[in-house]
2 protein chains.
Amino acid sequence: MRLSTKGRYAARLMLELALHYGKGPMLLRDVAEREEISEKYLGQLVAPLKAAGLISSSRGAHGGYALANAPKDISLCEIVQAVEGNLALVECVHSPKICSRVNSCVTRDIWGRLSERLTEELESISLQDIVYQHRRKQSAQPLTYTI
Amino acid sequence: MRLSTKGRYAARLMLELALHYGKGPMLLRDVAEREEISEKYLGQLVAPLKAAGLISSSRGAHGGYALANAPKDISLCEIVQAVEGNLALVECVHSPKICSRVNSCVTRDIWGRLSERLTEELESISLQDIVYQHRRKQSAQPLTYTI
DNA sequence: GTAATCACTACTAATTTAATAGAATTAGTA
DNA sequence: TACTAATTCTATTAAATTAGTAGTGATTAC
Ligand code: FES
Ligand code: FES
């Protein structure tokens, strides 16, 4: 029951865009460098994020990516859902066809409720919250000098 | 972020044992038949459940499996954890070594808190709860006749 | 001693994950 | 217009995980 790199990288990508919010489009190359993630792989993650309306892009010279909305209006749920698909903990919650006995199976109900709780929890975290926590953490960190 | 068949089957296996609680050991064959799950595959799931102290077994003729404790004293968390290992949504929460930057990464903190919430939620559900919900559902079901 | 049952280990096909690679497309600018 | 910087799209792949199957060995009741 692990979140794949898609979801984790997408969250970090969106955090970078949020930190850069209001400063024009950000290069994928810079995101990749700052987060130490393969640029090509990130290139695949932006497609679903854009399709979900979370980011906008501009091509060509001086292009790049930017948040489509303010950080406070983007939830972690939307980000994860965009790249990972629906968040049900078990498949038959959303696709009843794949299990016979969906009508009698009580564990399905339980996984369904659990999935809802998880979704609610993710919905309650905005990108702005993550930015705040990031800044708080940064200022609490001891300084690191790069020579 | 899906629960694998291990966790799902283990929950159903434990429900069957709970329904049979107090009636002596139950055959794996019967569990497999009632839940329509491969007996051999279930055979692999009982090992970790036993190792976790959730069930007891007796070998030989008239052997089988039984709950090691009352259903009210077994949580869904214990069951899932036994067969799936630790429930962290991302690996670096429990094994900081695998990620560099664990000290500065704010998303790790978020995944960590989320994992805790999920664990709490699973801890709050006992096998007895599942039995109650199962019985309620059964009695609400229209009767099905097997000819 | 034999039948029934759990216990253990090895193997495997299919799927998913986590990338890498490269060509195509678009946009700014000299 | 030609050049360059950037996104976009598609294909390929190695490794890991999942979801089993199969078979043999150990133990116990009768
Ligand atoms: S119906 Fe899908 S797990 Fe029970
Ligand atoms: S430290 Fe592991 S995801 Fe950031």
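For clarity, every value in this text was computed on a predicted model and none was experimentally measured. The chains referred to below are lettered A, B, ... by the order of the sequence lines, with proteins before strands, and numbering in each begins at 1.
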- prompt: Looking only at side chains, do K137(B) and S104(A) share a donor and an acceptor under 3.5 Å apart?
  reply: no
May I have the distance from [X] (atom [atom1]) to [N] (atom [atom2]), rounded to whole angstrom?
X	N	atom1	atom2	answer
L42(B)	dT18(D)	CG	C1'	16 Å
M1(B)	dT17(C)	CE	C1'	16 Å
E84(B)	dT18(D)	CD	P	8 Å
L45(A)	dC9(D)	CG	P	14 Å
L28(A)	dA19(C)	CG	P	14 Å
R2(B)	dA19(D)	CZ	C1'	16 Å
Q44(A)	dA19(C)	CD	C1'	7 Å
L3(B)	dT16(C)	CG	P	16 Å

query: How is G64(A) classified with respect to the nucleic acid when contacts are heavy atoms under 4.0 Å: base, sugar-phosphate, or nothing?
result: sugar-phosphate
Return the nearest nucleotide to the side chain of [X]; candidates are [options].
X	options	answer
A61(B)	dT28(D), dA19(D), dT7(D)	dT28(D)
T5(A)	dA22(D), dT7(D), dA18(C)	dA18(C)
E39(A)	dT7(D), dT28(D), dC6(C)	dT7(D)

Can you see if the side chain of [X] gets near the phosphate of [N] - specifically, an N or O under 4.0 Å from OP1 or OP2?
X	N	answer
H62(B)	dA3(C)	no
R59(A)	dA5(D)	no
Y9(A)	dT17(C)	no
Y41(A)	dA21(C)	no
S57(B)	dC6(C)	no
K50(A)	dT8(D)	yes
S38(A)	dA19(C)	no

Within-4.5 Å side-chain heavy-atom neighbours: Y65(A) and S57(A): yes
message: Quick check on DNA chain C: between K6(A) and A47(B), whose nearest nucleotide comes earlier from the 5' end?
response: A47(B)
statement: Here the gap from L114(B) atom CG to T107(B) atom OG1, rounded to the nearest 0.5 Å, amounts to 11.5 Å
- prompt: Picking from L49(A), L54(A), I55(A), what satisfies side chain to side chain contact (heavy atoms under 4.5 Å, CB included) with L17(A)?
  reply: I55(A)
Within the side chain of [X], is there an N or O that forms a donor-acceptor pair under 3.5 Å with the backbone of [Y]?
X	Y	result
Q81(A)	N86(A)	no
R2(A)	M1(B)	no
S95(B)	I98(B)	no

query: In dot-bracket form, how is DNA chain C paired, counting a Watson-Crick or G-U wobble pair only if both its distances are under 3.5 Å and using | for bases paired to another strand?
result: ||||||||||||||||||||||||||||||
- request: Examine the base of dG23(D) for any acceptor or donor lying under 3.5 Å from a partner atom in the side chain of K40(B), and report the outcome as yes or no.
  value: yes
message: Is there a path of hydrophobic side-chain contacts, each under 4.5 Å between heavy atoms, that joins L27(B) and V46(B)?
response: no
